[in-house]
Number of protein chains: 2
Amino acid sequence: MESVVKTDRRILRTKQSITKSFLELFSEKDFEHITINEIADRANVNRGTVYLHYSDKYDLLDKCIEEHINELISLCKKREHDTVSHGMVQEPKPVFDYFRDHFPFFSAMFSNQRAFLFRDQLLKFITVNLMVKMERSDNTPIIDNEIKAQFMASAFIGIVEWWIRHHMPQSTQFMADQVRNLFENNQVYPR
Amino acid sequence: MESVVKTDRRILRTKQSITKSFLELFSEKDFEHITINEIADRANVNRGTVYLHYSDKYDLLDKCIEEHINELISLCKKREHDTVSHGMVQEPKPVFDYFRDHFPFFSAMFSNQRAFLFRDQLLKFITVNLMVKMERSDNTPIIDNEIKAQFMASAFIGIVEWWIRHHMPQSTQFMADQVRNLFENNQVYPR
DNA sequence: CAACGGCCGTTAAATATTCAACACGCGTTC
DNA sequence: GAACGCGTGTTGAATATTTAACGGCCGTTG
């Protein structure tokens, strides 16, 4: 179907080390005080190379967020197509697993003032997922779907934030079970 | 004096990841079963790139050993020129610090059959250091200097090996003190 | 025997990255 | 104000690495 031109190993490698370096710094100090020099040094990469992939540090932050949101989307998309499971609503564990596997990133995002975009994007992602699920169920709702989705999504993110900022005191399975029950109680999908 | 052409960052980076990858594998499995493919994959580097720096895995092993021996040598050389301290005999702590700081490497070396060259090189390094020190002292020895050096060097390496293979149960300072006392008792240098 | 898969060591051309140098802005110091 | 250090963003030429291919060797499998 689409041309599968796999990207050059060097590109993957440098992008990886740049984002790793950046996220480390992001969790260490204020975003405004991070310099491209620092990022490049820690990534063991020439300063110019950073500009080859990102226009500035704001762009870098955006790309980092985008990347993870896209990962989450494709994670749910993949599972939508499965005949067995159905997205993050009925089986939220994989999503929690993803949060766990990328703890450094999400931890940095939740503990930093700078992450407006991150919250927005994540909220949109969750809301869309919930909307899709609710629209599929036939029950005519008393509460407007969009409002309910916003309500639930905010709640969900609140839980995730709490879980991450407390260094994940519970297992992903436990969290998934809890959230699924909450979704059920609020009739996000008909039991 | 000599032209200080600093080597390209890319070279340093790839050499670093290749040796890191190699030493990991070296501590995990038998040397003969390690393939260049594995090394390259784990280093996140093209297979051909390995050949750009090393002719084969034997060469790679040799270079790794050589590199650390040279580090040790320059470490001692630097301290020789100091007016205060005098090489590894009177103050062995920096040497132990070096062993500690590169524990993965030395651990791999001591726990693997393959490290003939390593033992030889290390033994030579220690012996030379001892010889130099002993020749400087005026006392006419009953025991031949070279024999004594061999004796002491083997003993020293034995201690280091024990220390490394037992995961460094004592501090470097403690080990240094012990060794200095042993050297003193055996009159490597006049007290 | 033949076919195959895996690893080796090497090559030419394409490409990503480095290096060294710009010009610029901004705050500090003398 | 001038000189300076420091970070930004950009450039062109040099260079390291990748990619995709080659032929060869060896052990396994049919």
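Residue numbers begin at 1 in each chain, while the letters A, B, ... track the order of the sequences. Note that the structure is a prediction, hence the values are computed from the model and not measured.
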| message | Expressed as a whole number of angstroms, how long is the span from A:H33:NE2 to D:dG7:C1'? | response | 13 Å
| Are A:E67 and A:K15 ion-paired here, with the side-chain N under 4.0 Å from a carboxylate O? | no
| query | In whole angstrom, what separates B:I39's CD1 from C:dG6's P? | reply | 19 Å
| task | Whole angstrom is fine here: how far is it from CD1 in B:I18 over to C1' in D:dA16? | result | 12 Å
| Does A:H53 make a side-chain N or O approach to OP1 or OP2 of C:dA16 shorter than 4.0 Å? | no
| task | Round to the nearest Å and state the distance from A:R13 atom CZ to D:dT17 atom C1'. | result | 7 Å
| query | Contact class for B:R9 vs. all strands (heavy atom < 4.0 Å): base, sugar-phosphate, or nothing? | reply | sugar-phosphate
| said: If you only use heavy atoms from C-beta on, which nucleotide in C:dA16, C:dC8, D:dG7 is closest to the side chain of B:I36? | reply: C:dC8
| query | Under 4.0 Å between a side-chain N/O of B:S55 and OP1 or OP2 of C:dG9, yes or no? | reply | no
| So with a 6.0 Å cut-off around NZ of A:K29, is the heavy-atom count from everything else above 12? | yes
| field | Test: A:K57 and A:E38 ion pair at under 4.0 Å | value | no
| Distance in angstrom units between A:D8 CG and C:dA16 P, rounded | 6 Å
| said: Does D:dA16 have OP1 or OP2 under 4.0 Å away from a side-chain N or O of B:T14? | reply: no
| task | Go through D:dT8, C:dC7, C:dT17 for me and flag the one nearest to the A:T35 side chain. | result | D:dT8
| task | Name the residue closer to the 5' end of DNA chain D, choosing between A:T7 and A:K57 according to the nucleotide with the nearest heavy atom. | result | A:K57
| request: Please determine if a side-chain N or O atom of B:N46 lies less than 4.0 Å away from the OP1 or OP2 oxygen of D:dT17. | output: no
| note | Between CG of B:L52 and P of C:dT10 the distance, given in whole Å, is 11 Å
| request: Give a yes/no answer on whether the side chain of A:Y51 brings an N or O atom under 4.0 Å of OP1 or OP2 in D:dG9. | output: yes
| query | Whole Å only: how far is the CG atom of B:L60 from the P atom of C:dC8? | reply | 12 Å
| field | Quiz item: B:R10 side-chain donor-acceptor pair to C:dT17 base, under 3.5 Å | value | yes
| message | Expressed as a whole number of angstroms, how long is the span from B:E38:CD to C:dC7:P? | response | 8 Å
| So with a 6.0 Å cut-off around CZ of B:F151, is the heavy-atom count from everything else above 12? | no
| said: When you measure from the side-chain N and O atoms of B:N37 to the phosphate of C:dG6, is any distance below 4.0 Å, counting only OP1 and OP2? | reply: no
| Shortest side-chain distance from A:R47, nucleotide among C:dC19, D:dT10, D:dT17 | D:dT10
| said: Under a 4.0 Å threshold between the charged nitrogen and the carboxylate oxygen, would B:E184 count as salt-bridged to B:R180? | reply: no
